[in-house]
Structures are given as structure tokens and as C-alpha cells.
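Values in this document were obtained by computation on a predicted structure and should not be read as measured data.
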Amino acid sequence: MSETAVKTSHPKGLWVLFGTEMWERFNFYGMRAILTLFLVNSLMMKEEDASLIYGGFLGLCYLTPMLGGFISDRFFGNRNCILLGGLMMALGQFLLFFSASVFGTNISLANTLMWSALGIIIFGNGFFKPNISSMVGSLYPKQEKSKLDTAFTIFYMGINLGAFLGQLICPIVGDVKDAGGVRDIHAFKFGFLAASIAMLIGTAVFYFLKNKYVITPEGRPLGGLPKHNVSDDYEEGESQKAIFSQKALIGAVIAFISLGFSFHYLFGQNAIYSLIYASGLSLAGLIISDSSLTKVEKDRIKVIYIVAFFVIFFWAAFEQAGSSLTFIADNQCDRNFFGYNMPPSMVQIFNGLFVVAFAVPFSMLWDFLRSKDREPISPVKQAVGLGLVALSYFIIAHNVKDLGNNGLLAIKWLILLYLIQTCAELCLSPIGLSLVGKLSPKRFSSLLYGVFFLSNASGYALAGTLGSILPATGDKFNKAKELGIDLQAVLDKKITLTADQLALLEKNQISPNNPVFAGFEIHNLFEFFMVFVILCGLAAVILMALTPKLKKMMHGVR
């Protein structure tokens, strides 16, 4: 499909939302690329602690869309929430800039600024994320909903063009090493500043172009205050207002509290992760209890829930990019790329680059298969995506198997991993967004996007947990050797450390024990990567087996 054909077959408002989301993703992914390195190198945190913070932060970023979706649907409308969220995220990045500016003289203030910044970004993302996705689906008339897979794939190209630019520019200015390989820990601030400026540009794009282009097929402003919605915005016979009984609301609160305590005390999850998991389950139960839902609507919502559950495993594996894979790129990877020694935080750039390259070909593929009446239903596409993620980790697991403690992984294997995971992402993430748009009752549109993003949140929380079980990489063994300690012998329980040696390892952020997951000790990178192979492989097989049942529950929606 030519560029002209794409533009003429989709509303101009799609390209406004494309541009707005592009700059927002520059902001978010640019910050994400350098965040864990900033926490470890400037704020002196352990890698496992940084991974947990990273997972919790991303998880909360996709928990708050539940709140943002609710406020949008009931009070502010899509437009106002997008503008509010954009300004909040720009402010949060600016606070990270100040945190990275003062850590050398006032570490306490730097930490306070960092936590404040992350909190503001979390709520800003909550207002922004579900509302812009919801508006994409609303651009199309009812008879053109079949275009949504293609539209969301194009929209997803905007997301990843922004990710590519953010992961290129923020590491260039913020993750700087000299000729001797020594990192300039004061440079991180410029990466955060670039992210803040990008978010301001994205907010301005939306503000100045929304009235002209972001409109309904009938020409009415899209995403205004909910009280201005008209009956034409809803399907024939569809209820325009959710009806929650007092009993259902009380039950949701009780379920939230009970699940939160269960995850925290029975399953050992921290408070943030427990909040994320409990919120997703209790909100899902509340929506399905709405007494105005028809049987068809309930079945379709259940499909969203089932698919959202499997999406958790995709994001748990995919989001290792910002934690464990970045640490591996930093500590045990030959990053020479055609003579250029890439900053470790920049290695993630290949994902965004590949999405930009392949988004239109994937949209052409779906269009072609649809024209031949052979397009697979959305759950099949997502099962294929999970299988591809498992394949990517299977390949890299066998390439790290014989590295030992000091061998370096060739960067080509990380690039191949990102290539395969990009194909997986294009089969799963934009298709999931499209599926929610197709199956959601209008009155639950933004809120169900919030529920879907809660599956992302749960995946990110799980990603943080899994990232924290990364075993010691090459630099840890080398550093321990410099300290006069044989770390491999320590991990193999062949020697016992003195209190002074333990304190020395603690000071240098080196753990004297192998990590443990589900009762199994992780001894090396091969075992670490195989965890993702098993999780995503099983998820792919089970989801594929469920697709015939899901197809019936979708009641004609593909």
C-alpha cells in the first residue's frame, strides 16, 4: 500500500493522534532507556532494586489508566485528559532533570525529586494513555470498524517512531562514556530534559490541531465533555450509561482489599505489585456486574479479559528491555556496531526502528488477508506473537550458554532478539488495542482500555520481578576479583565469606547468592532466559487452543 493510499483511506485525525502519541512515546521511552542506569550509577541502587522499581513504575503507569479512563468517561472527556496528562508528564521529566542535576551535592533531595517525578509521570500517563487510544477507535464510522487493525498498526508505528527517536537521542545526550569507558554520571540530566521537551511538543501538537482534525465521521468534535455525547455515538439498542448496583460496588471494594492482602501476604508481592494485581481483578469483576450488559456484550468483554490475561506474559518478557537486557548490554555485551561502541541504553533502539520499518508491511498483510477472507482472528495473531517471543529468548539462551563469566555476547544476538520481538509485538499489541475498540460497549470504552492496560501493568510488575532474578553478569565477577573475592566459588557455596567481605560485596552492589524463582535457583544467563521461553511458550499454546471458543464469544467480530 502506498503512503498516499494509506493517508486517503484513513481520517486525518489519525495522523494528528499519530503525531501526539509519537512525541509522548519519545518522552516515555527516552526516559525508560536511561532510568535504571541512572538509579544504579547516580543514586547508587542495586540492580535488583532498580529492576523492581522499574517494574513497579511501569506497572503503575498502566494501572492509572483505569482512573484516567473513568474520569474521562464520566467527567472530563478525552481531550481534556490528554492535555492534562501531557503537561503532567512534561513536569515529571523536568523533575527528573533536577534530580539528576543535584544528586552529587544532595543525594537525599535527588531521591525525593526522583520519587516525586515518577509519581507525577504515573498519573500523567494515566490521564493520557487510555484516552488517546479510545479516540483512535472513535474516528471511524460503524461500517468501517474492520479498518481498526490497520489503523491501530499505523498508530502503533507512531508510537514506535517516537520510541526510536527517544531511545536514540536520550542515550546520546544522557548516557555518555569517555574513551576509557568511564560513564559521565552527570549527563543523565540532559536525557531527561530532552524527554520533557518532547512531551511539551506532543501536547502542543494535539492542542492546536484537535479542533480541525480530531472529529467524528459526522464532523462533530471528538472526545469532548461526556455530557455532550449524543445517541449517534452508540450502537443501536446500546445502553448509554453503566448501571452498578450498591451491592456490586461494595463487592468490588471487598474483593480489592481481599486480593491485595492475599497477593501481599500469601504470595509475597510488594505493596505496589499487590495493588496492581488486585486492581485489575476487582475492576474486571465490577464491569461484568453491570446490570445493563446484554449476553453478547458480556461475552465480548470476557474475550477482552481472557486475551488480557495472556498479554501479561508477553509484557513480562518484552519489558526486560529496560532492565535485565540493558544490564546485560552494559556488563556482558560487545556493543561494537559497525565500528561504533553503542551506549548500553541505546541498544533498545532496534525495537522502535524495526516497528517503524515493519508496521506498514504488517498492516498491508492484514489488509491482504482480509481481502481474501483469510485474516486470522485477533486471538490467533496474539498467540503467534507469544510464540515468537518464546523463540527469541530460546535463540539468545543458547548463545549465552557457553559465555562463562567473562565472555561477551555479540550485539547481533540482541539485535536479532529485538527483530523477532518486534514481529511479535506487531502481532499482539496493536491488535489487542484494536480488539478492545471492536468489542467494548461505548459506555465502557475508555474504562475497558484502562482494564486492558491493567494487563500491561501486571505484565510490567511481573517483568520487574523476573528482572530482579538476573544472575551475576561478567562485570560483577571482575569487580569481585579486584576485591580479592572469587565470586563463582561464593555462589557455588565452596567458600564462606567473612563479615568484612560481605560488607565489601554489599558496598559494591554484588549479591553473594544466586537468585531464586518459583523455588528454582538461577545459576546463569541460560537458565534466566529459559524462564521466558517456558512462560511465553506455554501461554502461546494455551491461547491458541482457546481460539475456537473465543471466536464464538466474539459474536461475529474478527
Side-chain angles (χ1 to χ4, degrees), residues 10 130 133-134 136-140 142-157 159 235 284 287 296-315 318 355 358-390 421-442 444-445 448-456 458-459 536 539-558:
H10 293 280
S133 298
S134 176
V136 172
S138 300
L139 287 170
Y140 294 82
K142 298 168 187 175
Q143 64 270 23
E144 294 186 14
K145 291 297 184 182
S146 62
K147 290 184 178 180
L148 281 181
D149 274 9
T150 303
F152 272 103
T153 300
I154 294 170
F155 180 66
Y156 211 69
M157 184 170 65
I159 291 176
E235 298 288 343
I287 290 177
V296 170
E297 287 176 332
K298 282 189 176 182
D299 283 349
R300 289 174 174 173
I301 290 174
K302 288 175 183 177
V303 172
I304 294 174
Y305 290 172
I306 292 169
V307 169
F309 171 75
F310 287 97
V311 165
I312 292 172
F313 300 100
F314 171 80
W315 289 116
F318 186 85
V355 171
F358 294 123
V360 170
F362 264 79
S363 69
M364 292 169 60
L365 173 64
W366 305 140
D367 285 340
F368 173 76
L369 292 174
R370 188 183 311 120
S371 69
K372 302 294 184 181
D373 200 29
R374 298 177 62 182
E375 182 185 17
I377 64 172
S378 296
V380 171
K381 297 175 184 177
Q382 293 174 302
V384 170
L386 281 163
L388 287 172
V389 172
Q421 290 193 359
T422 295
C423 294
E425 185 180 6
L426 288 171
C427 287
L428 190 142
S429 190
I431 303 306
L433 293 173
S434 171
L435 185 67
V436 177
K438 294 174 185 176
L439 298 178
S440 297
K442 180 67 179 180
F444 284 128
S445 178
L448 276 169
Y449 272 109
V451 173
F452 188 74
F453 287 132
L454 275 172
S455 69
N456 294 25
S458 299
C536 292
V541 170
I542 296 171
L543 179 56
M544 186 66 79
L546 289 174
T547 52
K549 176 65 174 176
L550 296 178
K551 184 176 180 179
K552 292 180 181 179
M553 295 171 66
M554 291 164 71
H555 295 282
V557 174
R558 293 192 63 83

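- Distance check, rounded to the nearest 0.5 Å: CD1 of Ile377 to CD1 of Ile431 gives 12.0 Å.
- Applying the ring pair (Phe, Tyr, Trp, His ring centres under 6.0 Å) rule to Phe313 yields the partners Phe309; only residues at least two apart in sequence or on another chain are considered.
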Show your reasoning for whether side-chain contact (heavy atoms from CB on, under 4.5 Å) applies to Leu435 and Gln382. CA-CA 11 Å; Leu435 185 67; Gln382 293 174 302; 4.3 Å; yes
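- Listed by chain and number, the residues in a side-chain hydrogen bond (donor to acceptor under 3.5 Å, both in side chains) with Thr422 are Asn351 (sequence neighbours excluded).
- Heavy atoms only, all atoms of each residue included: Val557 and Met554 are closest at O-CE, 3.0 Å.
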Leu550 vs Leu543, side-chain contact (heavy atoms from CB on, under 4.5 Å): CA-CA, chis, key distance, verdict: CA-CA 9 Å; Leu550 296 178; Leu543 179 56; 4.0 Å; yes
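- A pairwise comparison of heavy atoms in Leu369 and Pro376 identifies CD1-CD, 3.9 Å as the closest pair.
- The side-chain heavy atoms of Phe155 and Leu139, taken from C-beta on, include no pair separated by under 4.5 Å.
- Aromatic pair Phe358/Phe362: ring centres not closer than 6.0 Å.
- Across all their heavy atoms, Pro441 and Glu297 have their closest contact at CB-OE2, 3.8 Å.
- Across every non-hydrogen atom of Phe314 and Leu428, the tightest pair is CD2-CD2, 3.6 Å.
- For Ala383 against Ala540, the heavy-atom pair with the smallest separation is O-CB, 3.5 Å.
- Between Ser434 atom OG and Lys381 atom NZ the span is 7.0 Å, to the nearest 0.5 Å.
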Report the C-alpha separation of Arg300 and Lys438 in whole Å, then their side-chain angles, then the decisive distance to 0.1 Å, and conclude whether the side-chain contact (heavy atoms from CB on, under 4.5 Å) test is met. CA-CA 9 Å; Arg300 289 174 174 173; Lys438 294 174 185 176; over 6 Å; no
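- Looking at every heavy atom in both residues, Asp299 comes nearest to Met553 through CB-O, 3.3 Å.
- Under the 4.5 Å side-chain criterion, counting only non-hydrogen atoms from C-beta, Met544 is in contact with Val384.
- Listed for the Ser429 side chain is no donor-acceptor partner under 3.5 Å among the backbone atoms of Glu425.
- In this structure, CD in Glu375 is found 8.5 Å from CG in Leu365, a value given to the nearest 0.5 Å.
- For the atom pair NZ (Lys549) and OG1 (Thr547), the distance works out to 12.5 Å, reported to the nearest 0.5 Å.
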Please lay out, stage by stage, how Phe310 and Ile542 fare under the test side-chain contact (heavy atoms from CB on, under 4.5 Å). CA-CA 9 Å; Phe310 287 97; Ile542 296 171; 3.6 Å; yes
